[in-house]
Asker: 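After the structure tokens below, expect a handful of questions from me.
For clarity, every value in this text was computed on a predicted model and none was experimentally measured. All chains are named by letter (A, B, ...) in the order of the sequence lines, taking the proteins before the strands, and each is independently numbered beginning at 1.
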Amino acid sequence: MITIIKYTFKEMLKKRAFLLVSILSLLYLSIYAFGLSRIFEHPSNSIYDIIFQSQILSAGLFFANFIVAFLVVLTSVNAISGEIESGTIYSILSKPIKRYELVLGKFIGLSIMIVLYSSIMFLSVVGLNIWFGSKISFGWDNILKGLFFFDLGPIVFLALIIASSSIFSTINTGIIAIMAYGIALVGGVLEQIGTAMQQSQVGAFGLKSGESLINAGIITSLILPTDVIYRKMTAELLTQSSGISFMTQGLFGGMSQPSIYMFIYIFFYVVFLLYYGAKRFSQRDL
Amino acid sequence: MVLEAQNLTKQFNGKGGFKEVTLSVEKGQVFGFLGPNGAGKSTFVKTMVGLLHPTSGFAWILEKPIGTVESREKVGFLPENFRYHDWMTGKELLSFHAELYKIKNPGKKIDELLELVKLKGHENKLIKNYSKGMQQRIGIAIALLNDPEIVFLDEPTSALDPVGRIEVREIIKQLKSQGKTVFLNSHLLSEVEMVCDEVAIINHGRIIAEGKLEELLKEHTHVEMIVSDYTTELIEKISHLSKEFQFKEGKLSFKVEDKEKIPLIAKMVIEAGAKLYQLNTQTSSLEDLFINLIGKDEMS
Ligand SMILES: Nc1ncnc2c1ncn2[C@@H]1O[C@H](COP(=O)(O)OP(=O)(O)OP(=O)(O)O)[C@@H](O)[C@H]1O
Ligand SMILES: [Mg+2]
């Protein structure tokens, strides 16, 4: 399995998609840095500044997260299915290795690469904000916790893609990945709106439709919990140990915090997907 | 037995594949698996190396049930549609496969194999830039990386030039001399005839003939005779001893299963007082045998 992990990682670095996303990321970070330099040109001390700055940070992370998701899709949709479609699988699986080793090896190899990539993106965005003099004070624990959840999202997404790639074709996996990601994103927004409606107390009607929106959001996060994890990340990053939160109710930052059950669910979600993908893959005729 | 199959069946939704194959291959044999396109040869080999799951029946490689990791430990395989990771160089590809076999320090072995398949000097080129024949050559090298006890070669010369074909024949002979077993899928009958000890012929997924190559061929010695002053009694006797008997104005044409029958028949002719002008024998080639058997199978 170590061999698979190693070569998956190597292969990734040689892929054109990887190069493409790297260029895209550099471009994005440069534009973001340029934007920050303009925004922080005239520092003031009002409370609105902090709110505004936390919005800028959230937006920065949101798009960085989006780019990482893009990378995950581009580099992983064909992880298993591509080996089958090209025929390279024959010479691999006729070796004395178990099929689950290929699935798990690919997952781990890609995970390492994605965690590295995602961490660089996260630290760059946060670092740029600090560099340009953001007034949000980050503790190390904020940053580390934020980083953990920032990296976790793409890994959960990867598990879904690897499972799908073990069962379906590359094209279908691509469709599944994009649809799931889209649904999670929309679901997250619905849940936010629902929470807002409940909090603003717009009467019984608001309460009721707010609740159904929240339920819709919860269901979509069960399909792919990336958005929930993303909101957790924002919360961890922006909530101080003193309890003061810089969280705002903007489009890119969430207000409703996911429960602990959600994270237990996420753990089993990843384990189950990998197990199920490997199992179905083992039963396949190649 | 290096390979054994009992009533092994693999079908795709009740169609194709192969049915109820019972086979055994002894150590040190070069076993030819022959059959027309779509007969089920590749399906059989892919089932043996665990890429396909059998529908029913049992099979073992080196006493280990197929589909298990242990059964693949001492196995080499060259797939029919060989394709390798084209972003690696030849050398990297061999190292990768050596690692999959968990071979420690494969450097020397890799050099040896590069020499064997005549790719020395190309090992630092990307597989992407290999010709098809070169890719098949590296495929053969991969199949031999772990010093396998049994090598499955699915049409190993399909992309090779005439010289390459001879080289592969030499490699097969060399493996045999080392006591290895070779399972060769092919429809190049002349090639099979040159290297195989034993063959099985498969048609529509069923084995229609199996045995030692010489014995299969011996069964079909073609004899032509020209005689005169014969009696009908003599002609009748000869027809009983042979197959596919034809007789027309002193010309006899028939097949015998056993070469020993030829002098016997000649003696009968002389003793019956007939004159023998000509006696030609011709051992039929594998091709004749193949066409004959497939033709008969299609009729029934
Ligand atoms: N994955 C599959 N799904 C459905 N049918 C298949 C599959 N693979 C093979 N078959 C069918 O099984 C039969 C045997 O195919 P196979 O590839 O084993 O033939 P072959 O003897 O190797 O032929 P060739 O000489 O052309 O290589 C064919 O009828 C083929 O259509
Ligand atoms: Mg074939």
Asker: Please check if the number of heavy atoms outside A:Phe70 that lie under 6.0 Å from its CZ is greater than 12.
Answerer: no
Asker: More than 12 heavy atoms of other residues, nucleotides or ligands under 6.0 Å from CG of A:Leu13: is that the case?
Answerer: yes
Asker: Could you tell me which portion of B:Phe96 (side chain, backbone, both or neither) has an atom closer than 4.5 angstrom to a non-hydrogen atom of chain A?
Answerer: both
Asker: Within a radius of less than 6.0 Å around CZ of B:Phe12, do more than 12 heavy atoms belonging to other residues, nucleotides or ligands occur?
Answerer: yes
Asker: So with a 6.0 Å cut-off around CE of A:Met179, is the heavy-atom count from everything else above 12?
Answerer: no
Asker: Taking 3.5 Å as the threshold, show me the donor-acceptor pairs across chain A and chain B, one per line with distances to 0.1 Å.
Answerer:
| from | atom 1 | to | atom 2 | distance (Å) |
| --- | --- | --- | --- | --- |
| A:Lys6 | NZ | B:Glu99 | OE1 | 3.2 |
| A:Lys6 | NZ | B:Glu99 | OE2 | 3.0 |
| A:Tyr7 | OH | B:Glu99 | OE2 | 3.3 |
| A:Glu11 | OE2 | B:Trp87 | NE1 | 3.3 |
| A:Glu83 | OE1 | B:His85 | NE2 | 2.8 |
| A:Glu83 | OE2 | B:His85 | NE2 | 3.3 |
| A:Leu93 | O | B:Arg72 | NE | 3.4 |
| A:Lys95 | O | B:Arg72 | NE | 2.9 |
| A:Lys95 | NZ | B:His97 | ND1 | 2.9 |
| A:Ile97 | O | B:Arg72 | NH2 | 2.9 |
| A:Arg99 | NH2 | B:Gly50 | O | 2.9 |
| A:Arg99 | NH2 | B:Leu51 | O | 3.1 |
| A:Ser282 | O | B:His53 | NE2 | 2.7 |
| A:Arg284 | O | B:His53 | NE2 | 3.3 |
| A:Asp285 | OD1 | B:Lys10 | NZ | 3.4 |
| A:Asp285 | OD1 | B:His53 | N | 2.8 |
| A:Asp285 | OD2 | B:Lys10 | NZ | 2.4 |
| A:Leu286 | N | B:Leu51 | O | 3.0 |
| A:Leu286 | O | B:Lys46 | NZ | 3.4 |

Asker: Any ring-ring contact (aromatic ring centres under 6.0 Å, His included) involving residues 148-176 of chain A? Give me the pairs, sequence neighbours left out, ordered by first then second residue.
Answerer: A:Phe122-A:Phe150, A:Phe149-A:Phe263, A:Phe157-A:Tyr181
Asker: Non-hydrogen atoms of chain A under 4.5 Å away: do they reach the side chain of B:Met88, the backbone, both or neither?
Answerer: side chain
Asker: Counting only heavy atoms closer than 4.5 Å, note whether A:Ile2 contacts chain B via side chain, backbone, both or neither.
Answerer: neither
Asker: Hey, which of A:Leu93, A:Ile4, A:Ile89, A:Leu286 has the most heavy atom pairs under 4.5 Å with chain B?
Answerer: A:Leu286
Asker: Should the heavy atoms of other residues, nucleotides or ligands under 6.0 Å from CZ of A:Phe18 be counted, would the total exceed 12?
Answerer: yes
